[in-house]
Protein chains: 2
Amino acid sequence: MPKAALYTLDVVALAPLGGELAVLLQRGAGARRALPWGAPRDRERLTAGAHRVARTALGAPPAALEQVGAFGDGLRHPSGADLSVAFAALVTAEQAAAAEGDWVPTGALPALPERQRAITAAAVEAVRARADRAPVAFQLLPAAFTLSALQETYELLLDRRLHKASFRRALHAARLVQPIDEWRSEGRGRPAQLFRYAPRKRRRGQRGVRFDVPT
Amino acid sequence: MPKAALYTLDVVALAPLGGELAVLLQRGAGARRALPWGAPRDRERLTAGAHRVARTALGAPPAALEQVGAFGDGLRHPSGADLSVAFAALVTAEQAAAAEGDWVPTGALPALPERQRAITAAAVEAVRARADRAPVAFQLLPAAFTLSALQETYELLLDRRLHKASFRRALHAARLVQPIDEWRSEGRGRPAQLFRYAPRKRRRGQRGVRFDVPT
DNA sequence: TCAATAGTGTCTGTTAGACATTATGGA
DNA sequence: TCCATAATGTCTAACAGACACTATTGA
């Protein structure tokens, strides 16, 4: 008799699609949809297992993979295991097309197994919280991108509108991107220059404290 | 024969002591010191188990307990289990005295089991990262505190000096604290008014984007 | 009295956001 | 040509940090 799995590895794959963050869902048992998940293999390491599950679901390695945490607390999971370790996988819109399953906007999620609902919420929250301190936005974009696309990605992650001139000023000051000698025309209007992610100097001197405590 | 533990619950208890963040270490096997940890009980939930381990180590419930993540990846752990779920427990200096074990400054940690070293670093990092978006500082302080003590706590968490007048201005604007009708004299100098944590209105209108990406 | 800490008012340089303007392509 | 988008300069209000000053206690 095979040993029951100790825990599962659950992957919340996120991609910027249609101006929203979308999650990859697969068909689970019955008609119900579920996050991609799998059991760790014997002696397989945590991160390695998560990469494997993500790669299988996406058809290619994600641009980034970060652990969200362990989930259990009695919430139901399709596996029956009482522990799941959740990972957020970041995927570009281009890569998203290659995945098997449906990309569903985070704002319009269908019914999921209890634990996976909690996992999804936590993953989205974790990614959003890291947006301003890790290059999350760049991992949701192809190597070459316009500044408008970058700003839209930040707006999607931070869930608020940003001011164009201010955004570019701050971006310039942070020395995060470099222009490449290429332009892209999207329908009408002046073509936009393409940029690539190329962080240069550590930005010292964070000014002030921002108390941002939920009441 | 007892079933081997699936995973362990490891607790990184943090307290502000001597102007530094200190971690609670206990005597492990041999002379080696280790984080408090335990195995989950049968059918015990994740958070409940972590609370139990923390309470046992501290002699009282911590002011806050948050999950840091799951750790494994082949790093050694005293239990032999290949997975540990880590929690950060926040404790006031007063509560810290009641704990069994040594409080060691995070800057001067002794040799720990590999996995626990990774867990400790991640827990400290997680708590620091949340300092400006969750009331972490208040959970390291007693219910009534001086603004100087609050500022010192923030400085300890953010690991940088803050400007007194600016700190108080921002604190006032955030409406996080309320003065109570009590003063405390610490040695010489004018006695400081005591305050309590009493967040009132959601602080809307986060200005700007702060790109803070490690190069 | 001096020393030490609390608490606050004012000034100044920096920066975010508003607004306007130019640039450059497609329809 | 008109319209849409890119990109940037200028102005202003908000804010962080410096500094100075008063307040209030213990030594």
Side-chain angles (χ1 to χ4, degrees), chain A residues 19 131-132 141-142 144-155 157-196 201 203-213, chain B residues 19 131-132 137 141-142 144-196 201 203-213:
Chain A
D132 55 348
L141 288 170
F145 48 82
T146 66
L147 294 189
S148 297
L150 180 61
Q151 183 176 340
E152 279 162 27
T153 308
Y154 267 99
E155 289 178 340
L157 288 168
L158 302 175
D159 199 27
R160 61 196 175 95
R161 300 303 310 276
L162 299 174
H163 190 266
K164 185 165 73 163
S166 287
F167 179 79
R168 290 174 186 220
R169 253 190 322 227
L171 194 60
H172 184 76
R175 301 165 60 95
L176 285 184
V177 298
Q178 265 190 337
I180 62 178
D181 198 38
E182 218 172 311
W183 280 260
R184 176 181 300 157
S185 194
E186 314 257 17
R188 301 220 280 185
R190 172 173 167 182
Q193 186 162 19
L194 294 182
F195 288 74
R196 65 188 183 86
K201 260 194 299 201
R203 205 177 70 96
R204 293 261 165 247
Q206 179 98 304
R207 276 173 41 128
V209 211
R210 284 182 172 172
F211 299 102
D212 191 19
V213 171
Chain B
D132 54 348
L141 289 170
F145 48 82
T146 66
L147 294 189
S148 297
L150 181 61
Q151 182 175 340
E152 279 161 27
T153 307
Y154 268 98
E155 290 178 338
L156 183 146
L157 288 169
L158 302 174
D159 200 26
R160 61 198 173 95
R161 300 301 312 275
L162 298 174
H163 189 267
K164 184 167 72 163
S166 287
F167 178 80
R168 289 171 187 222
R169 253 190 322 229
L171 194 61
H172 185 76
R175 302 166 58 96
L176 286 183
V177 298
Q178 265 190 337
I180 62 178
D181 198 38
E182 219 172 310
W183 281 260
R184 177 181 301 157
S185 194
E186 312 259 18
R188 300 221 277 188
R190 172 173 166 181
Q193 185 162 20
L194 294 182
F195 288 75
R196 63 188 185 87
K201 261 194 299 196
R203 206 177 69 98
R204 293 262 166 244
Q206 180 99 305
R207 275 175 39 130
V209 210
R210 284 184 171 169
F211 300 103
D212 191 19
V213 171

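Only a predicted model underlies this, so the values are computations on that prediction, with no experimental measurement involved.
Of the inter-residue distances, the one linking A:Leu176 atom CG with A:Leu171 atom CG reads 6.0 Å to the nearest 0.5 angstrom. Separation of atoms CZ (B:Arg196) and CD1 (B:Ile180) is listed at 8.0 Å; rounding is to 0.5 Å.
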Review item, side-chain donor-acceptor pairs of residues 147-155 of chain B, under 3.5 Å, at least two apart:
{"residue": "B:Gln151", "atom": "NE2", "partner": "B:Glu155", "partner atom": "OE2", "Å": "3.2"}
{"residue": "B:Gln151", "atom": "NE2", "partner": "B:Leu162", "partner atom": "O", "Å": "3.0"}
{"residue": "B:Thr153", "atom": "OG1", "partner": "B:Ala149", "partner atom": "O", "Å": "2.8"}
{"residue": "B:Glu155", "atom": "OE2", "partner": "B:Arg161", "partner atom": "NE", "Å": "3.4"}
{"residue": "B:Glu155", "atom": "OE2", "partner": "B:Leu162", "partner atom": "N", "Å": "2.9"}

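The CZ atom of B:Phe145 sits 14 Å away from the P atom of C:dA6 (whole-angstrom rounding). Between the P atom of C:dG7 and the NE2 atom of B:His172 lies a distance of 14 Å, rounded to the nearest Å.
Within residues 146-157 of chain B, the residues having any heavy atom closer than 4.0 Å to DNA chain C are, in order of number, B:Ser148.
Taking each heavy atom of B:Val209 and A:Ala170 in turn, the nearest pair found is O-CB, 4.1 Å. Closest approach of A:Gln206 and B:Arg160 over heavy atoms only: O-NH1, 3.0 Å. For the residue pair A:Ala131 and A:Leu158, the shortest heavy atom distance occurs at CB-CD2, 4.0 Å. A:Trp183 and A:Pro191 get closest at one heavy-atom pair: CD1-O, 3.9 Å.
Toward the 5′ end of DNA chain C lies the nearest nucleotide of B:Leu194, the other residue of the pair A:Leu162 and B:Leu194 mapping further downstream.
Residues satisfying the side chain to side chain donor-acceptor pair (under 3.5 Å) criterion with A:Arg169, sequence neighbours excluded, are A:Ser166.
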If a protein heavy atom is under 4.0 Å from the base, mark B; if only from the sugar-phosphate, S; if neither, -; do that for nucleotides 18-27 of chain C going 5' to 3'. B----BBBBS
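Residue A:Glu186 is classed as having no contact, given no heavy-atom separation below 4.0 Å to the nucleic acid.
Counting 5' to 3', DNA chain D first comes under 4.0 angstrom of a heavy atom of chain B and last does so at the ends given by D:dA14 to D:dA27.
The side chain to side chain donor-acceptor pair (under 3.5 Å) contacts involving residues 185-194 of chain B comprise nothing, where partners must be two or more places apart or lie in separate chains.
In this structure, A:Arg184 contributes its side chain and A:Phe145 its backbone to no donor-acceptor pair below 3.5 Å.
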